[in-house]
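First up is the structure itself, then whatever we jot down about it.
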There are 2 protein chains.
Amino acid sequence: MRLIQEIDQTCCPPLVGSVLTETEAERLARALRVLAEPARLRLVSLVAASDGGESCVCDLTDRLDLGQPTVSHHLKVLTDAGILRREKRGRWAYYRIEPEPLELLRGALDPGTAGARQSTEAGVT
Amino acid sequence: MRLIQEIDQTCCPPLVGSVLTETEAERLARALRVLAEPARLRLVSLVAASDGGESCVCDLTDRLDLGQPTVSHHLKVLTDAGILRREKRGRWAYYRIEPEPLELLRGALDPGTAGARQSTEAGVT
DNA sequence: CGCACATATTGACAGCTATCGATATTTCCG
DNA sequence: CGGAAATATCGATAGCTGTCAATATGTGCG
């Protein structure tokens with residue numbers, strides 16, 4: 001079994017248009033759960049807005065009013081999901097956004113809703 | 001305070017581009033949490049795929065391998081969030097998709113990710 | 001009216017996870 | 001090497017929520 005639950009194409013079939021199987025629903029739910037957390041949303045937002053598109057943990061802990069272990073935990077969850085990428089330089093760990101997973105999730109929420117378009121997993125450009 | 005947590009514009013500022021405040025993050029997280037659940041994803045998917053765009057609860061309980069109270073609970077959560085709309089006809093309750101909340105959530109996941117576009121809350125058509 | 005059916009509500013409980021303090025690990029610096 | 005700084009991991013705990021059984025509410029039918 002896979003310990004690291006990365007968000008890939010298999011997680012994001014169109015929410016509408018075809019009925020989700022139990023497995024698909026499970027996968028997509030797990031992916032969404034990663035973002036369904038205030039601290040993690042703020043982290044993503046902070047990282048994305050930061051200069052050069054990356055932040056080190058120390059900057060993030062300062063802004064979040066949460067303990068360092070907690071921030072580290074959330075960063076791990078986001079990284080395991082593939083939403084953030086970690087790069088260690090010297091003593092510091094820098095995080096930056098990985099655009100694709102967010103796009104895939106967006107895609108999962110996309111179609112049928114307004115009339116069953118078909119975007120699926122193809123068009124991430 | 002508001003008991004019913006409906007998904008509206010206030011829940012979905014762009015995830016990136018500006019840094020989410022604690023309140024904004026809380027709101028968006030709560031909205032995402034509604035969908036971050038396998039049973040609810042399947043319900044949305046089932047309703048959307050159903051004939052005429054609506055299902056009654058009895059159809060849904062059959063397909064979900066969950067007790068009727070549980071299904072009813074999930075339907076309530078989805079309805080309170082504004083994702084489903086409930087209409088009672090005779091003894092039956094019919095649920096259908098309300099497209100806008102899903103679109104708003106999609107919008108929240110949209111922009112900056114790839115370079116801070118500005119779609120925000122305007123273009124739902 | 002009274003029963004049967006469809007759905008909703010209630011109360012209880014188990015499982016998950018966000019959070020923290022303590023500690024381990026890694027890396028630089030002198 | 002030794003110590004300090006940055007980050008990660010661990011173990012414990014509290015709060016939330018998905019689930020169910022039991023029951024309530026509503027609605028048509030005879």
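Within every chain, numbering begins at 1; the chains are lettered A, B, ... in the order of the sequence lines, protein sequences first and strands thereafter.
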**Request:** Check whether B:V34 and B:L66 end up in the same hydrophobic cluster, where Ile, Leu, Val, Met, Phe, Trp and Tyr are linked by side-chain heavy atoms less than 4.5 Å apart.
**Result:** yes
**Prompt:** Would you say A:Y95 reaches D:dA8's phosphate, i.e. side-chain N/O to OP1/OP2 under 4.0 Å?
**Reply:** yes
**Asked** Which residue lies toward the 5' end of DNA chain C, B:A93 or A:H73, if each is placed at its nearest nucleotide?
**Response** B:A93
**Message:** I'd like to know if A:W92 and A:L75 are part of one continuous hydrophobic network [Ile/Leu/Val/Met/Phe/Trp/Tyr, side-chain heavy atoms within less than 4.5 Å].
**Reply:** no
**Any residue meeting side chain to side chain donor-acceptor pair (under 3.5 Å) with A:E37, in chain and number order, not counting sequence neighbours** = none
**Request:** With sequence neighbours left out, write down each residue that passes side chain to side chain donor-acceptor pair (under 3.5 Å) with B:R91, or none if nothing qualifies.
**Result:** none
**Request:** Nearest whole angstrom, please: distance from the C1' of D:dT17 to the CG of B:L78.
**Result:** 14 Å
**Request:** Quickly work out the A:L32 CG to D:dG18 P distance and round it to whole Å.
**Result:** 14 Å
**Prompt:** Roughly how many Å is it from CG in A:L66 to P in D:dA8, rounded to a whole number?
**Reply:** 15 Å
**Item:** Interatomic distance where NZ belongs to B:K76 and C1' belongs to D:dT19 [whole Å]
**Value:** 17 Å
**Sugar-phosphate, base or nothing in reach of B:H74, heavy atoms under 4.0 Å** = sugar-phosphate
**Request:** Answer yes or no: is there an ion pair linking A:E24 with A:R27, defined by an N-O contact shorter than 4.0 Å?
**Result:** no
**Request:** Kindly write out the residues that satisfy side chain to side chain donor-acceptor pair (under 3.5 Å) with B:R86, not counting sequence neighbours, or none if the list is empty.
**Result:** none
**Message:** Using the side-chain contact (heavy atoms from CB on, under 4.5 Å) criterion, which residues pair with B:P38? Sequence neighbours excluded.
**Reply:** A:A25, A:E26, A:A29
**Prompt:** Can a side chain N or O of A:R86 be found less than 4.0 Å away from OP1 or OP2 on D:dT7?
**Reply:** no
**Fill in**
When every non-hydrogen atom of B:L105 is compared with those of A:L109, the smallest separation belongs to CB-CD2, 4.0 Å
**Asked** If you walk 5' to 3' along DNA chain C, what is the first nucleotide with an atom under 4.0 Å of a heavy atom in chain A, and what is the last?
**Response** C:dT17 to C:dC29
For residues 53-60 of chain A, dump all side-chain donor-acceptor pairs below 3.5 Å to protein atoms at least two apart in sequence or in another chain.
| unit_1 | atom_1 | unit_2 | atom_2 | d |
| --- | --- | --- | --- | --- |
| A:E54 | OE1 | A:R96 | NH2 | 3.1 |
| A:E54 | OE2 | A:R89 | NH2 | 2.7 |
| A:S55 | OG | A:S50 | OG | 3.0 |

**Asked** Atom OH of A:Y94 to atom P of D:dA6: distance rounded to whole Å?
**Response** 11 Å
**Message:** Per the side chain to side chain donor-acceptor pair (under 3.5 Å) rule, what does the pair list look like for residues 60-70 of chain A, sequence neighbours excluded?
**Reply:** none
**Asked** With B:K76, which residues qualify under side chain to side chain donor-acceptor pair (under 3.5 Å), at least two apart?
**Response** B:D80
**Message:** For nucleotides 21-30 of chain D, give me one character per nucleotide, 5' to 3': B if any protein heavy atom sits under 4.0 Å from the base, S if the only such contacts are to the sugar-phosphate, - if neither.
**Reply:** BB---SBS--
**Request:** List in numerical order all residues of residues 50-65 of chain B for which some heavy atom is under 4.0 Å away from an atom belonging to DNA chain C.
**Result:** B:C56, B:V57, B:C58
